Engineer: 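Once you've had a glance at the structure underneath, I'll fire off some questions.
Just so we're on the same page: letters track the sequence lines, and every chain starts at 1. Since the model is a prediction, treat every value here as computed from it, not as a measurement.
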Protein chains: 2
Amino acid sequence: MRREQTVSGASQAGRGRPPARGGSARGGGPGGGGRRRASHSLESVVSEAVALLDEAGEQGLTFRALAARLGTGVGSIYWYVASKDELLERAADQVLAGVLTQTTHLGGDEDPIDGIRQIAIAFYAATVNRPWLGSYFLQDTGTQINGLTLYDRMGRETMRLDLTPRQRFDAVSAVMAFVVGVAADRGQDPPQEVRDGTIDRDVFVASFRDQMRELGADDFPFLHHIADEFAAHDDAEQFRAGLDLLLAGIRQQAHR
Amino acid sequence: MRREQTVSGASQAGRGRPPARGGSARGGGPGGGGRRRASHSLESVVSEAVALLDEAGEQGLTFRALAARLGTGVGSIYWYVASKDELLERAADQVLAGVLTQTTHLGGDEDPIDGIRQIAIAFYAATVNRPWLGSYFLQDTGTQINGLTLYDRMGRETMRLDLTPRQRFDAVSAVMAFVVGVAADRGQDPPQEVRDGTIDRDVFVASFRDQMRELGADDFPFLHHIADEFAAHDDAEQFRAGLDLLLAGIRQQAHR
DNA sequence: GCACTCTATCGAACATCGTTCTAGCGTATG
DNA sequence: CATACGCTAGAACGATGTTCGATAGAGTGC
């Protein structure tokens, strides 16, 4: 019995909205009998939107492109969704739902901080190759039900630590902010040529490293210092390294 | 002798670009002799763009709105800027430049980690009430000269800590990602009514807290647990709290 | 079977945005 | 005076989000 949109209030229901049709796993295709007109569902609309976002990025999600993919007209989409913002919210929420099902078994009996770590990593994994999520995650977190659930799940781990409510609130918010910040980074770094495959990623990174070296050890000693590390680093590893720093701070605070 | 755009390569110079007119502090107004036609400058264009972004947000920055503000036509803007992306990059870079001048005196003789802290706080302060920066900060960080300078300035502090180059790289990246994550959060939380001033912020927060309580202590124990903290918290304080957790982790790593 | 209602589909039409194109002004240079 | 070039300016184009009205299908009452 999960409720729908308790906190949301994102839109005031422009004309009407479908009765949310229980969890029928119908999939969404017109598959049925001999219907001539296409039949859709909120699920299929959002799912195709996510697919489109994954393939072409945020600017690739167009109402017309989505309509063509669904084999329908533009107007039909507006029956299920009041605006593009709501479409993106629902898309982000659907991905969050996936993260939730992957993390249901996590946490509980082990080290609480390790539970946070695993949830955060699962969260991060969902953002990889999904740049569009970065921008909408925290917006979603505070609004939609799945975001709140994830937030709560992580927070539940902190309740087993010796911290004040305030410290728990700050800790969970910090971890969330860190994940979103990394996600925002990932999506925006490669400047088009790399994403298209026009230029190989390694070549780009190498030339970037050379440019970092050219900046000179005098004016930019740190960049010069880490040029090699930059060229060799792995994003996922760096994420875990930063996360562990944050978690070490939390652990230290709890042991005091 | 600072160089211009060594690493950038953002645009291939559509038709031509002004000779960057040295650091003349002219401001940008047509002020001069008896010119009849309006005269602009890259500085004035970017400055007005920042002002427009601050007032109306990212969606408020329109080429037409910007042109009207400058008292010119749309086409004129394209003489200074090749695309809206470049305009946003330059806007973000200008704000970064402001952060840099405010942090020049920081770091050096005190505790290195405290230097990082102060730079990060100044960085954060620039993002307050500037939601549009969150999305473009890291893109800018890796591309424009001011972003690299800020990155380097923070990294220089880590070089005085007993860490490997890799650990320094990870630490600075983590702090940057955290700041951006918090910034992305700040900008997207208030859902329109609050930003317009239609609803008082306190009223909104209070009703949100009540909704968090309604979610129930059974399904969302953590949200129930921190409902009061949420209503009473201050964003800047929470940022510092999270930052200190991260810095504590870095300090611990350096002392090992 | 028939009229009627409600849900849902669909595409034309509109406003707005980023961007391009071309005409032309004004200044400097010969 | 004539020519070249830096820069201004707005009309025009294609794409996008959104609205609106027409209409088909399924269910309902008689």
Side-chain angles (χ1 to χ4, degrees), chain A residues 10-21 26 28-30 32-45 48-49 52-53 56-91, chain B residues 10-21 26 28-30 32-45 48-49 52-53 56-91:
Chain A
S11 63
Q12 299 86 319
R15 216 188 318 186
R17 208 63 66 69
R21 356 184 140 197
R26 185 147 70 83
R35 288 226 196 89
R36 301 227 217 121
R37 291 178 76 187
S39 176
H40 318 291
S41 72
L42 180 58
E43 289 180 26
S44 62
V45 168
E48 289 302 318
L52 210 47
L53 281 166
E58 186 164 354
Q59 68 175 1
L61 178 61
T62 304
F63 274 80
R64 287 173 176 82
L66 181 57
R69 204 185 173 96
L70 289 165
T72 179
V74 218
S76 304
I77 303 175
Y78 277 90
W79 178 256
Y80 297 98
V81 151
S83 67
K84 190 175 184 181
D85 275 329
E86 191 190 326
L87 182 61
L88 280 165
E89 275 182 38
R90 289 203 133 88
Chain B
S11 63
Q12 300 84 320
R15 214 181 330 179
R17 207 62 65 70
R21 352 183 143 197
R26 184 148 70 83
R35 286 226 196 90
R36 301 229 214 116
R37 292 177 76 189
S39 176
H40 320 290
S41 72
L42 180 58
E43 288 180 26
S44 63
V45 168
E48 290 301 319
L52 209 48
L53 283 166
E58 186 165 353
Q59 68 175 3
L61 177 62
T62 304
F63 273 81
R64 288 174 176 83
L66 180 57
R69 205 186 172 96
L70 290 165
T72 178
V74 219
S76 303
I77 303 176
Y78 277 90
W79 177 257
Y80 296 98
V81 150
S83 67
K84 189 175 186 182
D85 275 330
E86 191 190 326
L87 181 61
L88 279 165
E89 274 181 39
R90 289 201 132 89

Engineer: Grab the OH-P distance between A:Tyr80 and D:dT18 for me, whole Å please.
Structural biologist: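 In whole Å, D:dT18 P lies 18 Å from A:Tyr80 OH.
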Engineer: Just the rounded figure in Å: distance from P of C:dC10 to CZ of A:Phe63.
Structural biologist: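 To the nearest whole Å, that distance equals 16 Å.
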Engineer: Under 3.5 Å, which protein N or O atoms sit close to an N or O of nucleotides 11-14 of chain D? Give each pair with its distance.
Structural biologist:
from, atom 1, to, atom 2, distance (Å)
D:dA12, N6, B:Arg64, NH2, 3.3

Engineer: Counting side-chain heavy atoms from C-beta on, which of C:dT19, C:dA8, D:dT18 comes nearest to A:Tyr78?
Structural biologist: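 So the side chain of A:Tyr78 is nearest to D:dT18.
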Engineer: Please tell me which of the listed nucleotides, D:dT18, D:dT8, C:dT19, lies nearest to the side chain of B:Thr72?
Structural biologist: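 The answer is D:dT8.
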Engineer: Residues in side-chain contact (heavy atoms from CB on, under 4.5 Å) with B:Ala65, at least two apart?
Structural biologist: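 Partners of B:Ala65 by the side-chain contact (heavy atoms from CB on, under 4.5 Å) criterion, ordered by chain and then number, come out as B:Leu52, B:Thr62.
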Engineer: Rounding to a whole Å, what distance do you find between A:Leu66:CG and D:dT18:P?
Structural biologist: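 The answer, rounded to whole Å, is 13 Å.
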Engineer: Closest to the B:Trp79 side chain: D:dG17, C:dT19, D:dC7?
Structural biologist: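 Given the options D:dG17, C:dT19, D:dC7, the side chain of B:Trp79 is closest to D:dC7.
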Engineer: In terms of the nearest nucleotide of DNA chain C, which residue is placed more toward the 5' end: B:Gln59 or A:Ser76?
Structural biologist: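 Here A:Ser76 is the residue nearer the 5' end.
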Engineer: If you look at every strand shown and take non-hydrogen atoms under 4.0 Å, does A:Ile77 touch a base, only sugar-phosphate, or nothing?
Structural biologist: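 It contacts nothing in the nucleic acid.
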Engineer: Answer yes or no: is there a side-chain heavy-atom contact under 4.5 Å between B:Arg90 and B:Leu42?
Structural biologist: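 Side-chain contact under 4.5 Å: yes.
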Engineer: Only pairs at least two apart or in different chains count here, so list each salt bridge (Lys or Arg N to Asp or Glu O under 4.0 Å) that has a residue in residues 60-72 of chain A.
Structural biologist: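 Counting only pairs at least two positions apart or across chains, the salt bridge (Lys or Arg N to Asp or Glu O under 4.0 Å) contacts touching residues 60-72 of chain A are A:Glu48-A:Arg69, A:Glu55-A:Arg69.
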